[in-house]
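One structure is given here, and the rest of the page talks about it.
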Amino acid sequence: MKRKLVTLLPYAAVLGVSFYLLPLLMRDTGGAMFLMLAVMPLAAFLTGVVYGVRNGFCLLLPAAAVILFAPTVLLYYNETAWSYALFYPGIVLAGNGVGRLFYKKR
């Protein structure tokens with residue numbers, strides 16, 4: 001289990017950077033919507049795909065996405081952003097599933 005967590009750390013760091021540093025670039029509502037609906041989900045999906053290709057399927061990565069995103073709602077957003085706490089882990093889970101398809105072929 002410890003080895004699984006160690007392999008998860010770089011991917012969780014990428015999610016953390018995406019969730020904590022990208023909101024600092026938000027200047028207006030349009031930019032915020034672009035980041036929250038395009039850039040951050042793309043980063044989450046690609047993180048899931050790369051993890052799936054390299055390590056196979058794991059439910060810890062979507063769990064890490066929930067744990068990492070939930071505090072950002074209190075830091076950067078209002079209460080309407082709580083729905084994204086389920087949206088981003090779903091995106092990570094989908095990316096991890098897609099990456100898992102290519103795990104056997106590697």
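Residues Leu46 and Val14 fail the side-chain proximity criterion, which asks for heavy atoms closer than 4.5 Å. Phe102 places none of its side-chain heavy atoms less than 4.5 Å from the side chain of Val49. The shortest distance between side-chain heavy atoms of Tyr88 and Val66 does not fall below 4.5 Å. With a 4.5 Å cut-off on side-chain heavy atoms, Tyr11 and Arg54 count as touching.
Closest approach of Val73 to Asn78, counting heavy atoms only: CG1-O, 3.7 Å. The nearest pair of heavy atoms linking Ala12 to Leu68 is O-CD1, 3.3 Å. Looking at every heavy atom in both residues, Pro62 comes nearest to Pro89 through O-CB, 3.5 Å. Between Cys58 and Tyr51, the shortest heavy-atom contact is CB-CE2, 3.5 Å. Closest approach of Tyr103 to Val53, counting heavy atoms only: CD1-O, 3.2 Å.
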TODO: Report the C-alpha distance between Tyr77 and Met36 in whole Å, list the side-chain angles of each, state the deciding distance to 0.1 Å, and finish with yes or no for side-chain contact (heavy atoms from CB on, under 4.5 Å).
DONE: CA-CA 11 Å; Tyr77 314 114; Met36 288 191 74; 3.5 Å; yes
Open item on the list: Does Phe69 form a side-chain contact (heavy atoms from CB on, under 4.5 Å) with Val92? I'd like the steps, not just the answer.
Closed with: CA-CA 12 Å; Phe69 183 76; Val92 171; over 6 Å; no
TODO: Apply side-chain contact (heavy atoms from CB on, under 4.5 Å) to Tyr20 and Thr72, showing your working.
DONE: CA-CA 7 Å; Tyr20 285 90; Thr72 65; 3.5 Å; yes
- [ ] Could you give me the CA-CA distance, side-chain angles and deciding distance for Trp82 and Leu74, then say whether side-chain contact (heavy atoms from CB on, under 4.5 Å) is met?
- [x] CA-CA 9 Å; Trp82 280 111; Leu74 302 172; 4.0 Å; yes
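The distance from atom CG of Leu37 to atom CG of Leu42, rounded to the nearest 0.5 Å, is 12.5 Å. Taken to the nearest 0.5 Å, the CD1 atom of Ile67 stands 11.5 Å off from the CZ atom of Phe19. Note: Asn96 CG to Thr47 OG1 = 10.5 Å, rounded to the nearest 0.5 Å. Thr7 OG1 to Leu5 CG: the interatomic distance, rounded to the nearest 0.5 Å, is 7.5 Å. How far CE of Met33 is from CG of Asp28: 10.0 Å, rounded to the nearest 0.5 Å. To the nearest 0.5 Å, atom CG of residue Leu15 and atom CG of residue Leu61 are 5.5 Å apart.
In terms of hydrophobic clustering, with Ile, Leu, Val, Met, Phe, Trp and Tyr side chains grouped at heavy-atom distances under 4.5 Å, Val39 and Val17 are assigned to a common cluster. Cluster annotation: Leu86 and Met40 are assigned to distinct hydrophobic clusters (Ile/Leu/Val/Met/Phe/Trp/Tyr, side-chain heavy-atom contacts under 4.5 Å, transitive). Linking Ile, Leu, Val, Met, Phe, Trp and Tyr whenever their side-chain heavy atoms come within less than 4.5 Å puts Leu8 and Val50 in one cluster. Residues Leu21 and Leu9 do not share a hydrophobic cluster, defined by chaining ILVMFWY side chains whose heavy atoms lie under 4.5 Å apart.
Between Phe87 and Tyr84, the ring planes are perpendicular. Angles over 60° get that label, and only those under 30° would be called parallel.
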